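Numbers here are sequence positions counted from 1. Note that the structure is predicted; figures quoted are calculated from it, not measured. Computation of the quantities below employed the complete heavy-atom set of this structure, encompassing side-chain atoms and omitting hydrogens, waters and symmetry-equivalent molecules.
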Amino acid sequence: MAFFRKFFKDIVSKRDPEEDDSFQVSTNVDEDTIISVLVQRSNEQRQEIKRAFEADTGKSLADELKSELRSHLEDVVLALLMKPAQYDAFIIRKATKGFGTNEDVIVEVLASRTNQQIRELQEAFKEEYGQTMEEVIDSETDGDFALALHAMLKANKNEGHIVDLALAKKDARELFEAGEEHKDIDISVFIDILTTRSGPQLTQTFKHYSKISDVNLPKALDMELRGDIEDCLIDIVKCSWSKPAFFAERLHKAMEGHGTCEDTLMRVLVARSEVDLKKIISEFELMYGKTLQQCILDDTKGHLEKILLGLCGPN
């Protein structure tokens, strides 16, 4: 317990009053110590820290930090203290709560998680917020988009690595006939195939689709569909091709042009930090000719910059 007593002492020690920080954090918190401790440990270790802290002080570590931190640093620290399923549930709740629904975020989570992660997400969501994911989707979305989300919630995607070439050819033909050769696109065929086949299987299907069509599948979806369902199915396709490339594109869009979407940076880096963040970082540099770390340095500042770079690791 000695380490955790020291940890508590560190986080409430007086910070340097000369430090310039635009995020208006409390004056009795050592933010650098918090960042160093949390980003250098796994989620499992952070859960042990939480338990030991509560046992040693009788207080919730998350509540203590929430009362002391502000703005984006608070958001990232609290996210890091959640279990992965709890954080996914929090992301979905935030995307569906209040005025308007962030459909892109819902799809990002459901399209990129494994079957087991989706099941754990649903359990955590019900436990934390007293509603099922199905109920929230029914109340916040409708039409074909809602059907696609419900299909992903079934967590019925084949996660094997063996590719069935005959099935790939059959699926490609069915997608072509349901879309480009159909007067009114049969969206149920797209939803069924894209939400149940494995990534390697879909990759082979896309190759066959390009042989029987003049365009690739994302282009065909762009031609045939509009709105949320188009974006949803295209994101599913991108995730099946390469999740690291999908998230690299997400991060790049969050920082391109004027302004930065800090929510996207925080969400992706926290959620993928122990999954495939190193691959995302490599893919980012290949796709955009610049390191993710350098882009974070250019677009953020203060303790948000420090904790995001800490999650990324050395450049």
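- With rounding to the nearest 0.5 angstrom, the SG atom of Cys232 is 10.0 Å from the CG atom of Asp144.
- Here Ile162 sits alone; no ILVMFWY side chain lies under 4.5 Å from its own, so it joins no hydrophobic cluster.
- For the atom pair Gln86 CD and Glu123 CD, the distance stands at 12.0 Å (nearest 0.5 Å).
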For residues 199-206, which side-chain N or O atoms pair as donor and acceptor with protein atoms under 3.5 Å away, sequence neighbours left out?
unit_1, atom_1, unit_2, atom_2, d
Gln201, OE1, Asp164, N, 2.8
Gln201, NE2, Asp164, O, 2.9
Thr203, OG1, Gly199, O, 2.9
Thr205, OG1, Gln201, O, 3.1

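- Side chains of Gln40 and Ser36: a donor on one and an acceptor on the other come within 3.5 Å.
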Side-chain atoms of residues 187-195: list all donor-acceptor pairs with protein atoms under 3.5 Å, sequence neighbours left out, distances to 0.1 Å.
unit_1, atom_1, unit_2, atom_2, d
Ser188, OG, Asp186, OD1, 2.6
Thr195, OG1, Ile191, O, 2.6

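- Applying the side chain to side chain donor-acceptor pair (under 3.5 Å) rule to pairs touching residues 96-108 yields Thr101-Glu140, Glu108-Arg250, Glu108-Arg267, sequence neighbours excluded.
- Here the side chains of Cys295 and Met255 are in contact, with some heavy-atom distance below 4.5 Å.
- Cluster membership check: Met266 shares its hydrophobic cluster with Leu297, using side-chain heavy-atom separations under 4.5 Å among Ile, Leu, Val, Met, Phe, Trp and Tyr.
- How far CD of Gln122 is from CG of Leu110: 8.0 Å, rounded to the nearest 0.5 Å.
- Looking at every heavy atom in both residues, Leu78 comes nearest to Ala62 through CD2-O, 3.5 Å.
- For Asp138, the CG atom is densely surrounded, since the number of other residues' heavy atoms within 6.0 Å is greater than 12.
- Note that CD of Glu120 is 12.0 Å distant from CD of Glu127, once rounded to the nearest 0.5 Å.
- Listed by first then second residue, pairs satisfying ring-ring contact (aromatic ring centres under 6.0 Å, His included) with a partner in residues 33-52 number zero, not counting sequence neighbours.
- A heavy-atom distance below 4.5 Å is not found between the side chains of Glu128 and Arg93.
- When all heavy atoms of Met223 and Arg226 are compared, the closest pair comes out as O-NH1, 3.7 Å.
- With Val76 as the partner, the side chain to side chain contact (heavy atoms under 4.5 Å, CB included) test is satisfied by one option alone out of Val39, Val270, Leu38: Val270.
- For Asp75, there are no salt bridge (Lys or Arg N to Asp or Glu O under 4.0 Å) partners, not counting sequence neighbours.
- In this structure, NZ in Lys66 is found 10.0 Å from OG in Ser60, a value given to the nearest 0.5 Å.
- Closest of all the heavy-atom pairs between Glu230 and Leu225 is OE1-O, 3.1 Å.
- Put simply, the side chain of Lys306 never gets that close to the backbone of Glu31: no donor and acceptor are under 3.5 Å apart.
- Both Met152 and Val105 belong to a single network of hydrophobic side chains, linked directly or stepwise wherever heavy atoms of I, L, V, M, F, W or Y lie under 4.5 Å apart.
- Taking every heavy atom of both residues into account, Ala95 and Ile106 meet most closely at CB-CG1, 4.0 Å.
- Between Ile236 and Ala111 the shortest heavy-atom distance is CG1-CB, 4.2 Å.
- Annotation for Thr300 and Glu305: closest pair O-OE1, 3.0 Å, computed over non-hydrogen atoms.
- For the pair Thr196/Asn158, no side-chain contact is recorded, criterion being any heavy-atom separation below 4.5 Å from C-beta on.
- When side chains are defined from C-beta on, Asp263 counts as touching Lys94, because their heavy atoms get closer than 4.5 Å.
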Quiz item: Does the side chain to side chain contact (heavy atoms under 4.5 Å, CB included) test come out yes or no for Asp228 and Thr141, once each step is laid out?
Solution: CA-CA 10 Å; Asp228 295 333; Thr141 66; over 6 Å; no
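- One hydrophobic cluster holds both Leu233 and Leu147 under the rule that ILVMFWY side chains link at heavy-atom gaps under 4.5 Å.
- Remark: Thr291 pairs with Glu285, Gln293, Gln294, Asn315 by the side-chain contact (heavy atoms from CB on, under 4.5 Å) rule, at least two apart or across chains.
- The side chain to side chain donor-acceptor pair (under 3.5 Å) pairs that include a residue from residues 209-224 are Glu180-Tyr209, Glu180-Ser213, where partners are two or more places apart or lie in different chains.
- Applying the ring-ring contact (aromatic ring centres under 6.0 Å, His included) rule to Phe284 yields the partners Tyr288; only residues at least two apart in sequence or on another chain are considered.
- Ionic pairing of Lys243 and Asp276 is not present here: no N-O contact between side-chain nitrogen and carboxylate oxygen is shorter than 4.0 angstrom.
- With contacts defined as side-chain heavy-atom distances shorter than 4.5 Å, the pair Leu149/Val107 qualifies.
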Quiz item: What do the steps show when you test Leu65 against Ile34 for side chain to side chain contact (heavy atoms under 4.5 Å, CB included), and what is the final call?
Solution: CA-CA 9 Å; Leu65 293 176; Ile34 296 170; 3.7 Å; yes
Quiz item: What do the steps show when you test Arg197 against Lys157 for side chain to side chain contact (heavy atoms under 4.5 Å, CB included), and what is the final call?
Solution: CA-CA 6 Å; Arg197 306 296 193 258; Lys157 182 181 283 289; 5.7 Å; no
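- Checked against ring-ring contact (aromatic ring centres under 6.0 Å, His included), Tyr129 has the following partners two or more places apart in sequence or in another chain: Phe125.
- At a threshold of 4.5 Å between non-hydrogen side-chain atoms, the residues Gln47 and Asn43 count as touching.
- With contacts defined as side-chain heavy-atom distances shorter than 4.5 Å, the pair Ser42/Glu274 qualifies.
- When each of Ile296, Asp299, Asp298 is checked for a side chain to side chain contact (heavy atoms under 4.5 Å, CB included) with Thr260, only Asp299 meets the rule.
- At a threshold of 4.5 Å between non-hydrogen side-chain atoms, the residues His150 and Glu134 count as touching.
- Comment: Glu44 does not engage Lys50 in a salt bridge, judged by the lack of any side-chain N to carboxylate O separation of less than 4.0 angstrom.
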Exercise. Show your reasoning for whether side chain to side chain contact (heavy atoms under 4.5 Å, CB included) applies to Ile280 and Arg272.
Key: CA-CA 9 Å; Ile280 292 170; Arg272 310 307 292 186; 3.8 Å; yes
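- Qualifying ring-ring contact (aromatic ring centres under 6.0 Å, His included) partners for Phe90, counting only residues two or more places apart in sequence or in other chains: none.
- Residues Met287 and Phe247 share a single hydrophobic cluster, defined by chaining ILVMFWY side chains whose heavy atoms lie under 4.5 Å apart.
- Salt-bridge annotation for Glu249 and Lys238: present, with a side-chain N of the basic residue lying under 4.0 Å from a carboxylate O of the acidic one.
- With a 4.5 Å cut-off between side-chain heavy atoms of Ile, Leu, Val, Met, Phe, Trp and Tyr, the cluster of Leu167 takes in none.
- Using a 4.5 Å cut-off between side-chain heavy atoms of Ile, Leu, Val, Met, Phe, Trp and Tyr, with links allowed through other members, Val37 and Ile307 fall into the same hydrophobic cluster.
- We find the CG-CZ distance between Leu217 and Phe176 to be 11.5 Å, quoted to the nearest 0.5 Å.
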